[in-house]
Structures are given as C-alpha cells and as structure tokens.
Amino acid sequence: MLSRYFTVSQEVCEHEIIIQKSRFIAHIKRAETEIDAQEYIQAVKKKHWDATHNCSAYLIGENDQIQKANDDGEPSGTAGVPILEVLKKRKLKDTVVIITRYFGGIKLGAGGLIRAYGKATSEGLNTMGIVERRLVQIIHVTIDYTWLGKVEKDLRESEYIIKEIHYLDIVELEVYVNEDQVSVFQDWLTELTNGQAVIKKGETDYLEVLL
C-alpha cells in the first residue's frame, strides 16, 4: 500500500465552461476500479446523449497501471490524451474524467481543442477539490474517566487526530497516527498519563486530507 497519494474528493463534480461558444462540461469522480470508471462514463453518455462529444480518461491503480483515454470522435489525440495528461501532471490516482462538449459553431483546431479539454479538466478539478490520502495507524487508547479531560484536550491540541471516542465502563479512544510516529506517540501518551493508559496498535487505514 502506498504511504500517501493524491486523488479527488468523494463527491461527484460537474463544472461547465464556455470556450468559443462551445460548452465544455467536466464530470469527475473517484474510481478505484476500471468497472467503476466505465460505468460512470456510460452514465454520463446516457445523460448527455445529445452532446457532440463525451471524451474521457482515467488513471487507476497504485502504479497507474490502468490508463485509458478516449477522443469520442474528436481528432485523434486532441481530447482524451489532454485530459489524461492533466491527471498525470496533478499526480492523481483512481480518478475518471469525462468532458462533455456541445459544439457552438466555431472550430477550434487541434491546438485549440487540446487547450480547451485541458482547461476544462483543470478547472473541474479545482472546483471539486483534491485530497491527500495518508496511510495511518489506528491506535486504541484505553483510559479511566479521570484522565479523559486532560487526554482529550491535549490530543485535540496536538498533531494527532481523534477518530472516535467510545464511552464504556472505561474510555477507549481511537487515534490516527502516522506510521513513522507510532513510537513517539506511545511515549508521549505514556508520559502524559503517568503510564495509566493502555495503548494498542489497531488496523491501518487511509486518512483523507483536503488540500
């Protein structure tokens, strides 16, 4: 698993721009499998069946092992590839983009098309938002209720992030900790609680940070 990588936020995005009277609508979604990407592309094509073009590209996999670009009737290399190149330049993974074009009557030429599809993709990504997914360790911290106020306060003032607090007979906190900071966190919390906290490593997970 990658320690960190960039992708788009979980929400589906649509963003429209006008270039030389043509409408360019960017549709963007996170897709972790090629099936997800293809299903989204087909859904957009169905919705915009009357569009002049529905051009698309996607990058999927830890090592970008799945890469596809489709010009959907535009001159070869003027639509799908520019979309894909923006995804690569932004270093995004698991992302699918479809640019719907409604022709406005003015031909853009090859260079104009490349710039238009690239711009539509970039602006769509800016609107949607990029997230960094960081691989973190979930640490389970068990304490007596007498320690809760101090521990919770100091955690919230620190760089560590509380995932959840379980209020049972005793208190259990789940805390996100970067993998290279686990030992430092354990030492810090042990000192904070005079050794009264029970600290156990849990599963690993990805923490998403909006950039």
* Main-chain N/O of Thr146 paired to Asp144 side chain as donor or acceptor, under 3.5 Å -> yes

* Asked: Going from CG on Asp94 to OG1 on Thr7, what distance comes out if it is rounded to the nearest 0.5 angstrom?
  -> 5.5 Å

* To do: State whether the side chain of Asp71 and the backbone N or O of Ala79 hold a donor-acceptor pair below 3.5 Å, judged by distance alone.
  => yes

* Close side-chain approach of Glu62 to Tyr5, heavy-atom, < 4.5 Å -> no

* Structure fact -> Note: Gly118 and Pro82 closest approach over all heavy atoms is N-CB, 4.3 Å

* To do: For the pair Glu152 and Arg156, find out whether any cationic side-chain nitrogen is under 4.0 Å from an anionic carboxylate oxygen.
  => yes

* To do: Side-chain contact test, heavy atoms from C-beta onward, threshold under 4.5 Å: evaluate it for Ile139 versus Lys201 and give yes or no.
  => yes

* Say you draw a straight line from CG of Leu108 to OG1 of Thr78; how long is it, rounded to the nearest 0.5 Å? -> 9.5 Å

* Donor-acceptor contact below 3.5 Å, side chain Lys163 vs main chain Tyr176 -> no

* Asked: Quick one: CD on Gln181 to CH2 on Trp188, what's the gap to the nearest 0.5 Å?
  -> 11.5 Å

* To do: Answer whether the closest heavy-atom distance between the side chains of Val151 and Leu189 falls below 4.5 Å.
  => yes

* Taking the side chain as every heavy atom from C-beta outward, state whether Gln10 and Arg30 have any atom pair closer than 4.5 Å. => yes

* To do: Would you please classify the geometry between the Tyr117 ring and the Phe24 ring as parallel, tilted or perpendicular, with 30° and 60° separating the classes?
  => perpendicular

* Asked: Of the non-hydrogen atoms in Glu208 and Val131, which two are nearest, and what is the gap between them?
  -> OE1-CG2, 4.2 Å

* Looking at side-chain heavy atoms only, is the closest gap between Leu125 and Leu87 below 4.5 Å? -> yes

* Would you mind reporting whether His15 and Met128 have side-chain heavy atoms less than 4.5 Å apart? => no

* Is a donor on one side and an acceptor on the other found under 3.5 Å between the side chain of Gln137 and the backbone of Gly202? -> yes

* Asked: Is the closest side-chain heavy-atom distance between Lys47 and Ile98 below 4.5 Å?
  -> no

* To do: Could you tell me whether a side-chain N or O of Asn54 sits under 3.5 Å from a main-chain N or O of Ile99, the two making a donor and an acceptor?
  => no

* To do: Could you tell me whether the side chain of Ser122 and the main chain of Lys119 form a donor-acceptor pair under 3.5 Å?
  => no

* Which of these passes side chain to side chain donor-acceptor pair (under 3.5 Å) with Arg101: His48, His53, Glu74? -> Glu74

* To do: Looking only at non-hydrogen atoms, find the nearest pair between Ala31 and Ala37 and report the distance.
  => CB-N, 3.8 Å

* **By salt bridge (Lys or Arg N to Asp or Glu O under 4.0 Å) - contacts of Asp154 (at least two apart)** => Lys150

* Structure fact -> Value for CZ (Arg133) from CG (Leu207), rounded to nearest 0.5 Å, stands at 9.5 Å

* Taking it one step at a time, do Lys29 and His27 satisfy side chain to side chain contact (heavy atoms under 4.5 Å, CB included)? -> CA-CA 7 Å; Lys29 183 178 183 293; His27 311 267; over 6 Å; no

* Taking Ser56 for the side chain and Ile41 for the main chain, is one N or O donor matched with an acceptor at less than 3.5 Å? -> no

* To do: Using modelled atom types only, decide if a donor and an acceptor are shared between the side chain of Gln65 and the backbone of Asn63 within a distance under 3.5 Å.
  => yes

* Asked: Of all residues at least two apart in sequence or in a different chain, which pass the salt bridge (Lys or Arg N to Asp or Glu O under 4.0 Å) check with Arg4?
  -> Glu132

* Structure fact -> When every non-hydrogen atom of Val96 is compared with those of Tyr40, the smallest separation belongs to CG1-CD2, 3.8 Å

* **Whether Asn194 side chain and Gln196 backbone form a donor-acceptor pair below 3.5 Å** => no

* Asked: If only atom types and distance count, is the side chain of Thr142 paired as donor or acceptor with the main-chain N or O of Glu172 below 3.5 Å?
  -> no

* With the side chain counted from C-beta on, respond yes when Lys91 and Leu59 share a heavy-atom pair under 4.5 Å apart, and no when they do not. => no

